Amino acid sequence: MFKQSRWPLGTSTAILFLCLAQVGTVASADIIYVGSGCEESGLQAAIDEAATRPGTDELRLRSNLLALAPDTIVNGDLILSGGWTACGGATQSGNTTVLSTNGRAIGAEGGTLVLRNLELLGGSGTAVDVTSTDLRIESSILRNSNTGLRALGSATVEIASTGIHSNGRGVECARQGIGSQGPSVEVAGWIVSNDATGDGGGILATDFCSVALVGGALIRDNTATGSGGGIYVGPNASLSTTGGVTIDLNAAEGSGGGIAFAHNGASATLESVQIVENTAGSHGGGLTLGGGVASLGVGTVITDNTAGLLGGGIHCWNTVAVTISEGVQIRRNEARWGGGLSCGGSATVTGVGDGDPIEIVGNQAESGGGVRLGNSSEVLLLNTLVEENRAEFYGGGVYLEYDARYQQERGNFIDCASPPRCSTLSRNQVIDSSGGGAALWADQGAEVLVAQSYIEENHAPIASLMGTIGAEGAGTFVEFEGNQLWGNDSRSLFESSDGALIHARFVSAAENSWTFSLNSPPVKIVLGEEAGGNVELFSSIFVDTVGSVGGGVLADCLIVDSTTGLAPARAGTIEVSADPGFYSKSGADLHLRSGSVAIDFCDDAFVVPGDRDLDLEFRGHQTIAQPDRLGPWDLGADENPSVDLLFMDGFESGDTSAWPD
């Protein structure tokens, strides 16, 4: 934290004095007691006296001292220590109050300063105001001020075991004037119940300020009439969290209830942080990210936040580039659009759950219960669970519009055959019967690729005529490859309208149904539904389905229950009512048994695999005992390697629960 020419502020007083003495040019420091009957009776007089003495003096303030001054100025290197019970005594208890009615309770420009066991009140001014100073505040309180702490220039500040509360703003920091270095503030204390007019209720960091929240830091119950109820990170500023940080119960009338990160040149590195129960009037209940780069790392939990418009958990916009690491949880957030995650503008999000999957779970919105994307934003998610989200109208799991792009795939996990899965769009739902896309809905030129994923137990309302997967509008394109669709409850698996295209290849589907009436049992789900759109189905297996009621669905190399509404690309490539030989249809394991008719079924006349199968095995394995029907490609999500028990996920993981009896 500190410049090499200065001492590290975490050092004890004894070690500090020893280090200064070793320099050779600094004399031993003095201890000066301040208060009635002490060597100095007034605080400012004691500070001025210490400035005339060599070394870093320690002023020990009597606990009954109330320093009243419009501006208390510290010159040089100094330790201010409060709560001393007697002049010359060795007993410390409680704090000493330093009060300014219209200036600064404590101000410093340069040098090194320690504030300990003090209660600092700045009134209409600032409790602590430092410029180009090395400052440590410990076991103190900064309250009832226009601003609790202001750090300018190249100031370096550490806050430990200190509460900054009940101020107009908690902390403000910015570079002052033109220079290469801005201030840095490290917080291991509590910034609570500050109420700002404008941005940044708890912390306002702008213009090359660097803020680090470390072990046990708490940003709670702060408000802003602008953006960033808890924290506002402005141009060229940075924010980092580590070691267990909580940002909760903050509110902004604008965006970013917990954190607003809103400018190019800014950076945020968040890990080991809980962002909980924050509220934004517009975007980003938990946090809004709008420029520069941001990283959400291990231990980041964004839960129970609310936004009035976009992104209950997170809203990304402008040109921000966001990375999300393994184990990040975005849970139970709520917004009008994009309950968990919303992106717009040219924002890009890349999520990779290498060790533990990323979780987007239990969020809700009018549209896009889990994720909502628009305006050319792009999201790539590897090893991500999009589950148990709810939308009133469209996209229970995911909703896209306006040329947005969404890609979700499996990464290199070992065990995906049984829960927890690796990549899912499961148990999401839409509520209103006029809506659709229980798992996913794409609109107005959006593009989607979902591969090697489990789409299971998504639900649409009883009267809905919409599908589990929906697409609408010219230029809208949904690509499905290597996915398992099981146990979904909606009228159709695929719903395409108004010029959109859904292209599904190497898909396995079973046990999907539609509850069409309160008084009737579920019936077979419609395979494909068109209303001026296009659905293409290749190299796939669809059981427990009926054909397409829209008609004209282009089809090749399929196993189906019905060919109604299908338009075969060529004769002899569609099997009707054949048993595909799934391991356990009722148990949601749609891997192929050896000897399945789906093995070595199709060629590459219409489609070539774009990726590996559901288990990340290469496509096109030749089964010697089973001659090719048309070519080497197995139908459905699973490529059977003919020695499947040895290569299925269950064997690799040691979990054999998915194996057949």
Side-chain angles (χ1 to χ4, degrees), residues 393-396 399-401 430 432-448 450 455 458-481 483 485 488-517 522-571 573-577 606-607:
F393 298 109
Y394 291 94
Y399 174 74
L400 298 86
E401 58 184 344
V430 292
D432 194 277
S433 61
S434 65
L440 179 145
W441 186 271
D443 204 344
Q444 302 184 72
E447 294 185 12
V448 175
V450 177
I455 296 91
N458 298 284
H459 174 73
I462 290 171
S464 174
L465 299 181
M466 302 300 185
T468 299
I469 309 296
E472 184 174 34
T476 302
F477 177 56
V478 176
E479 177 85 67
F480 256 55
E481 180 176 354
N483 300 312
L485 288 88
N488 297 287
D489 180 11
S490 64
R491 187 195 185 208
S492 62
L493 279 181
F494 304 108
E495 167 77 23
S496 177
S497 62
D498 298 334
L501 170 62
I502 297 176
H503 181 94
R505 58 187 179 183
F506 300 101
V507 170
S508 295
E511 297 285 323
N512 300 289
S513 61
W514 178 39
T515 306
F516 67 95
S517 170
V523 298
K524 287 187 175 182
I525 193 171
V526 173
L527 178 57
E529 223 292 334
E530 293 183 79
N534 300 283
V535 177
E536 298 177 352
L537 307 174
F538 298 106
S539 299
S540 296
I541 304 169
F542 298 101
V543 298
D544 304 317
T545 59
V546 296
S548 172
V549 299
V553 171
L554 183 62
D556 187 73
C557 292
L558 302 181
I559 294 176
V560 295
D561 284 351
S562 168
T563 59
T564 302
L566 301 184
R570 52 185 168 165
T573 65
I574 300 179
E575 286 280 354
V576 180
S577 299
F606 285 88
V607 296

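Source: prediction; values computed, not measured.
The closest side-chain donor-acceptor pair between Asp561 and Ser577, if any, does not fall under 3.5 angstrom. Between the side chains of Asn488 and Asn458, at least one donor N or O sits under 3.5 Å from an acceptor N or O. Side-chain contact annotation: Asp489 with Thr515, donor-acceptor N/O pair under 3.5 Å present.
Of all non-hydrogen atoms in Val526 and Gly547, the two that sit nearest each other are CG1-O, 3.4 Å. A pairwise comparison of heavy atoms in Val478 and Ala471 identifies CG2-CB, 3.9 Å as the closest pair.
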Counting only pairs under 3.5 Å, give me each side-chain donor-acceptor contact of residues 500-507, with atom names and distances, residues two or more places apart or in other chains.
unit_1 : atom_1 : unit_2 : atom_2 : d
His503 : ND1    : Glu536 : OE1    : 3.0
Arg505 : NE     : Glu479 : OE2    : 3.4
Arg505 : NE     : Glu481 : OE1    : 3.0
Arg505 : NH1    : Val608 : O      : 3.1
Arg505 : NH2    : Glu481 : OE1    : 3.0

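A heavy-atom distance below 4.5 Å is not found between the side chains of Asp443 and Tyr394. In this structure, the side chains of Asp498 and Glu472 come closer than 4.5 Å at one or more pairs of heavy atoms. Between Arg570 and Cys557 there is a side-chain heavy-atom pair separated by less than 4.5 Å. With contacts defined as side-chain heavy-atom distances shorter than 4.5 Å, the pair Asn512/Leu493 qualifies. Counting heavy atoms from C-beta outward, Ser434 and Phe393 have side chains that approach closer than 4.5 Å. When side chains are defined from C-beta on, Ser539 counts as touching Val607, because their heavy atoms get closer than 4.5 Å. Looking at heavy atoms from C-beta onward, Leu537 lies in side-chain contact with Leu558 at the 4.5 angstrom threshold. Ile541 is listed as a side-chain neighbour of Ile559, based on a closest heavy-atom distance under 4.5 Å.
Using a distance-only test at 3.5 Å, with no hydrogens or angles considered, no donor-acceptor pair links the side chain of Ser496 to the main chain of Gly533. Put simply, the side chain of Ser562 never gets that close to the backbone of Val546: no donor and acceptor are under 3.5 Å apart. Using modelled atom types, one side-chain atom of Ser540 and one backbone atom of Phe538 make a donor-acceptor pair closer than 3.5 Å.
The structure places CD of Glu447 at 10.0 Å from CG of Leu400, a figure rounded to the nearest 0.5 Å.
For Thr468, the side chain to side chain donor-acceptor pair (under 3.5 Å) partners two or more places apart in sequence, or in a different chain, are Ser490.
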